[in-house]
Every structure is written in C-alpha cells, then in structure tokens.
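Data block below; observations after.
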2 protein chains.
Amino acid sequence: MKKTDSAPATKRVTITDVAREANVSIAAVSRAMNPEGSSSPEMRRRILEVAERLGYKPNRLARGIKSQSSLIGILVTNFENPVYLAILSEFSAAIQRHNCHTLLINVNTEKSISEAVSLVMEYHVDALIVTSASVPPELVEACARQNTPVAIFGRDGEDSGASVVTCDDVEMGRMAADHLIDHGYRRLAYVGASTKEQATLDRKRGFIERLEQRGLTLHGVGEGHRHSYDAGYEATCELLASTEVIPDSIFYFDDIMACGGMDAIRHEFSHRIPQDIGIVGVDDIRFASSKSYDLTTICQPFTEMVNKTVSLLFVRIKQGDTAPDRIIMPCHITQRGTTQHVG
Amino acid sequence: MKKTDSAPATKRVTITDVAREANVSIAAVSRAMNPEGSSSPEMRRRILEVAERLGYKPNRLARGIKSQSSLIGILVTNFENPVYLAILSEFSAAIQRHNCHTLLINVNTEKSISEAVSLVMEYHVDALIVTSASVPPELVEACARQNTPVAIFGRDGEDSGASVVTCDDVEMGRMAADHLIDHGYRRLAYVGASTKEQATLDRKRGFIERLEQRGLTLHGVGEGHRHSYDAGYEATCELLASTEVIPDSIFYFDDIMACGGMDAIRHEFSHRIPQDIGIVGVDDIRFASSKSYDLTTICQPFTEMVNKTVSLLFVRIKQGDTAPDRIIMPCHITQRGTTQHVG
DNA sequence: CTGAAAGCGCTTACAG
DNA sequence: CTGAAAGCGCTTACAG
C-alpha cells in the first residue's frame, strides 16, 4: 500500500477562520450563520459572504454538543418487504428537507435493541422513527429520559408515549372482507404470519369480524413464519393442501406474501386467479401493479404518512415537552385483476 | 397540545459524573472507555463498573469533534430498484458491526450533490460510500480535502481517487451474449436506459462485442428513460413494434427492467418466454426467482462486495493516507426458466 | 446589535 | 499508569 501523493489534507475552515477573516468575533459569526441569531443585516451579509468565500460549513458535531445534532434516527427491522425502500426514500428526503440527516439503524441483529438505545444516547438524535415494529420498552424509556421524541410508523403503539402514524389494521381486514364478499366470494381464507405482532392480529381479526357479521365463517387460515414471499408461498401450499373444499378467496397480510401465494396457487395447484381464487393484499408494492400479479390491494397513503410523521416530530423537537399525537390515516382498496370474478 | 406530565428529562450522565463517582480524573475515564487508552486493569475495571452502573454512554458528537465521528455516509440515488434495500441492509449491518453508524443520504433531489458535499463537511463522516452512481468531481474534491476515504460500490470509477468495488460490466454483457447464443438464440436484442452512465454503456458494449465475435449482429435495441419496471415495459413495446422480425432473445440492463419487459412480451404481444423470446437480466432481485418471472440473471456477490467495501474503508480510516483499491468481483449467471429454449 | 467569556463533553499531549 | 490543563468548534447568557 503506497501512500498517495495527493495534496495533504487542508485544515477544515472553522468559525475562527471566518471570524478572523471578517474581523468580527466568533459569536458574531455564529449568530450570522443561525437564522434565529440576532445580527444586523449588514453584518450578516458580510459574514455570510466571507463564509461562502472560504467555503465554511459549521461543524454539526460541535454544534450538536451544545444544541441539536440535527440527526434523526430511523429504525428499520424489515428489509425484505420492498415497500420499505420507498418508505426509507421518503423519510430521508423529508428529513433532508428539514435540513437534518438520517441515521439508519438496522435492527436485525441479536443485540439490536441495546444497539438502538446506545445510538439514541450516543448520537443524541433529535428524534427517533420506528418503522413497523413495536418499540421495546427500554427504548421508550431511554428516549423519554433524554426527552427525545419517538414516532412509530405503520404500527399502533398506544400508551407507549410515542407519536403514532399508521392506518387502522382492523379496518383493513374489514375492507378486504367486504370487497371479497361484494365481489361474490363466499369461502374466505386468511394468510399471514404466525408472529404475535399487533398488526398481524388486527388485520386478521377485522377480517374475521366482518365476514362473520355478514353471515360467513372463515374458511381457512395459513400461517407462515415471516412476512416474506417464501412464507406466503409455503403457507398457501399448506392451506390449499389441508382443506377439502378450497377457499374461493384469500386475504393476505401483505403484498409480498400475496405474490408468493399467487405463484403457489398458479404454479403448484394450477388454479386460476381470480376465477377459482380471488386475492387481496396490502401495501401496493411496485409488483402489485405489474401485469404478472395485477393484485387488488389495500393502499396506505405512505407519502402523506411519512410527511406527517416528520412534521409531527419537528413540532415536538421545537416545542419540547409536547404530548405525542396518534394519527390514524384512512386507507383505500385498489381493485385490480385478482378480484374481477363477480359472483 | 398539553404538556406531558412525565418526569422531567434527567440530565444525561457525562464523563464528569463518572469521574466524580469513581473518584478519578475525567482523563482516566476517557482512557478506560477507549480500548487503546492506557489504563491499569484495576482502574479500568472500576471505572467501567461505575460507568455501567450510571448508564454512561460517551457522547459521540463530543468525541467526534476531536477525533472520529464514527459516522459512515452512504449515498443512495436509486430507490426504485429493490436490490438497493438488500444492499442498504447489508451495509448498515456491516457498519454497525464496526461499531459505527450509517448516515443515509438520499441523492435524488435537485440540490443533491451540494447536499452531499455539505454533509461530508458538516458531519465529518469518517468515510463515504457511493452506491451505483458516478461520483461528482466536487464530492471527490471535498472528500480529498478532508482526507475522507470514498468508496464507489457497483460502478467503476477509475482515477476518481476513490476505492472501487464492483463487477465487470463489460463481462456481464459478454456472459449474457454467450449464454443466449449457447442456448440457441440468434437474434439478440438489448434493452437498457438511454442514460450515459458507464455501466449502461459497458454492459451493452460487452454484449455487442461478444455477439459480433461470434458472428452475429445486434438485432435491436430498446432504450427507456430510466432503469425501472415501466421503462423496461415501454422500451420493450417499442422494440417489438419497430422490428419486422422480432428478436428471439433480449438482454436487459437489470432485472427490474427485465420484469417490465417480460410483462410487455407476454401481455401486450402474447409471445411465449422462453420459446419465442429468451430473457436475461442482471441483479437477481427477489422477484427474479419467483415462479412468475423465473428469470435467468447475472448475479453479483453483493454480500461479499459490501463486506469488502466496508473493510477496505476501515483500513483506510485507520491507516490514514492509503491509496484506494480497485476490486472487480467475479459475477456468475444463474439459469432459470427464461432461457430454457435449446436451439 | 456586538464582543468577551464561559461552557458543552470529550481527547490528547505533557508532566509526574 | 494517572492527573491537570489545554483545546476541539461551536453556542449562549451576560454586559455593553
């Protein structure tokens, strides 16, 4: 490994350099750089000009030690569902629009939770976003102790002290049931994961609740080990293999499972969709609207949800000790080819 | 908005608290907390115990202002291709394993580049990873000036001063051509995007080069505006509508375009895959191995590539002014149902 | 509005 | 190995 002969690293230009060059105090520079700082227009103009000329960028680390880090932590647990890429994209864009940056925390490892707690404490993130996961009590506690606002996205975490932005999972189940029944299906089944997450339970519960209200009984259940394509595939195989009369429709916990399930239905069992079996999913992932799947699905307004989450958080950051909000957004169903069968 | 009546934010415990409690100097605490700091076993033990008891976590922001921020920036430009979710997952996990954290930079907006530069300068990231995008000269310059190592992932950026970890795009083109020809296809077409990215040009070039070497000529080209499902769909429609004799096989820039293309082929033109048209993609996204697409594709060893990128970067962080590496990983083709046609 | 000064939490030579 | 002290780059009362 030879040393590169590139120019030696020039010292970064600091507030002191700007102050010296502009012939003012460093306090003056600090104020000029901060919109809220009191600075005469003339002075600010001059300082900003010098700063620009010197290429000065305030060191956020140094700033963070006294005031805010401008860092927003985002906890992601599920890297299998492609919707999270879109969600991550929206979040980081929204956060950047607020002149902050995104600390991505991958919570998939064993020691993940303590990791996350450490992070909150070590980087002094201004706020924490938890996507589609229940927040462990330790985390909540750690954040509360540091007065760090937390928002849960896509899950309901009542009483957790965190803000919540999500859709009503029970309602999703009802929508799916209504849609299928309205389109003439009568032997409704559900496929999800056997996890004990609230969202899983709620979607299933709403689904069953509504179909019973309408005089039907659940025709079957398939449970995979996770919310993935493979789990959807396998759970569907088991479901179809175990029932004497196959269901005429299946509501899946999410699109990725539904896609796995559809492939099982078509390629393992040669049933037709939507004639033999109708399908409803949740999320509207990119492939839901592909010609291959053309999946009827329940859409959550992710973009609005993200923006809402971020703006709520910034209100809490600014106003300090504000009570958390709980926002349940409306979702809607988008009909596509998997439920065209009419009675 | 009522104020919450939760306990007031307790002051975070700092190095001073630990020093006082343990009856030592703050310097001693600092050394005890840092593996490299010289500290007698007995003293370290005692301090660590106190730190633990008090729940002390060093403030990385404060640390970062003198030494390293432990922040690794990762620039992501493409949030449409699901592979990036997997890649992001691997990167953040690898970075966390090194006891650092991931600053996600969404470079999709207008002012993206200057944003990125600012970020590097403002947060003093220890290193920067650029995924599948060419690095703008300003960025390279800014990083070089601050001695921040840069790694380009999934693109070749020779002479950029950055480390590179990628696969050989020209070779991918050749592999695709060989595979198709070996399987009896003779009227080979290419579909990609009309962008001037090096990867786009290289895959296409390798493909054409090889098929000409083997006595064929390119049968047609389709160019979308981006690397997306829709672009693949549309470009394929144009390609098939414009040729008198349709191609008998298509090499797509990547899987996501290939999926769009396959849907166009099947649903717009009712051609059969692989009998009428064979397909090869690149990336091996989750849906490539679904029953619906069952796509023959060129696989890059992403996990190894990510780990290599991260470890290279950490060597550079540790050793200071080291020359950048350039690592070209081997890729391989995975045959599935889209190229089963034999002559 | 502006400057001098103290302080944020940590690290790192420098003596001992 | 340990402590006292200076310093990192910034912010924020406090006087003027």
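- Ring geometry for B:H101 against A:Y123 counts as perpendicular: the plane angle is over 60°, on a 0 to 90° scale with 30° as the lower cut.
- One atom, CG of B:L61, and another, P of D:dC8, lie 18 Å apart when rounded to the nearest Å.
- Under the side-chain contact (heavy atoms from CB on, under 4.5 Å) rule, B:I129 has a single partner from B:I152, B:V76, B:I95, which is B:I95.
- Straight-line distance from the CZ atom of A:R20 to the C1' atom of C:dG3: 17 Å, rounded to whole Å.
- In this entry the distance linking CD1 of A:I65 with P of D:dG7 reads 17 Å, nearest Å.
- A salt bridge links B:D156 with B:R326: the closest approach of a Lys/Arg side-chain nitrogen to an acidic carboxylate oxygen falls below 4.0 angstrom.
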Sort me out a list of protein N/O and nucleotides 10-13 of chain C N/O pairs below 3.5 Å, or just none if empty.
unit_1	atom_1	unit_2	atom_2	d
C:dC10	OP1	B:Y56	OH	2.8
C:dC10	OP1	B:N59	N	2.8
C:dC10	OP2	B:I15	N	2.3
C:dC10	OP2	B:Y56	OH	3.4
C:dT11	OP1	B:R63	NE	2.6
C:dT11	OP1	B:R63	NH2	3.3
C:dT11	OP2	B:S30	OG	2.4
C:dA13	N6	B:R31	NH2	3.4

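- The residues A:E42 and A:R45 are annotated as salt-bridged, a charged nitrogen and a carboxylate oxygen being separated by less than 4.0 angstrom.
- In a base pair of the Watson-Crick type (N1 to N3 plus N6-O4 or O6-N4) or a G-U wobble (N1-O2 and O6-N3), with each distance short of 3.5 Å, D:dA13 is matched with no nucleotide.
- In this entry D:dA4 has no Watson-Crick or G-U wobble partner, no candidate having both defining distances under 3.5 Å.
- Closest contact between the side chain of A:S38 and the listed nucleotides D:dG3, D:dG9, C:dT2 involves C:dT2.
- A donor-acceptor pair under 3.5 Å is formed between the side chain of B:R44 and the backbone N or O of B:R31.
- Listed by residue number, A:S40, A:M43 are the residues of residues 40-52 of chain A with a heavy-atom contact under 4.0 Å to DNA chain C.
- Looking at A:F79 and A:N106, their side chains come closer than 4.5 Å, going by heavy atoms from C-beta outward.
- The side-chain contact (heavy atoms from CB on, under 4.5 Å) with B:V29 is formed by just one residue from the set B:D17, B:V18, B:T14; it is B:V18.
- In terms of the salt bridge (Lys or Arg N to Asp or Glu O under 4.0 Å) criterion, residue partners of B:R155 (sequence neighbours excluded) are, by chain and number, B:E197.
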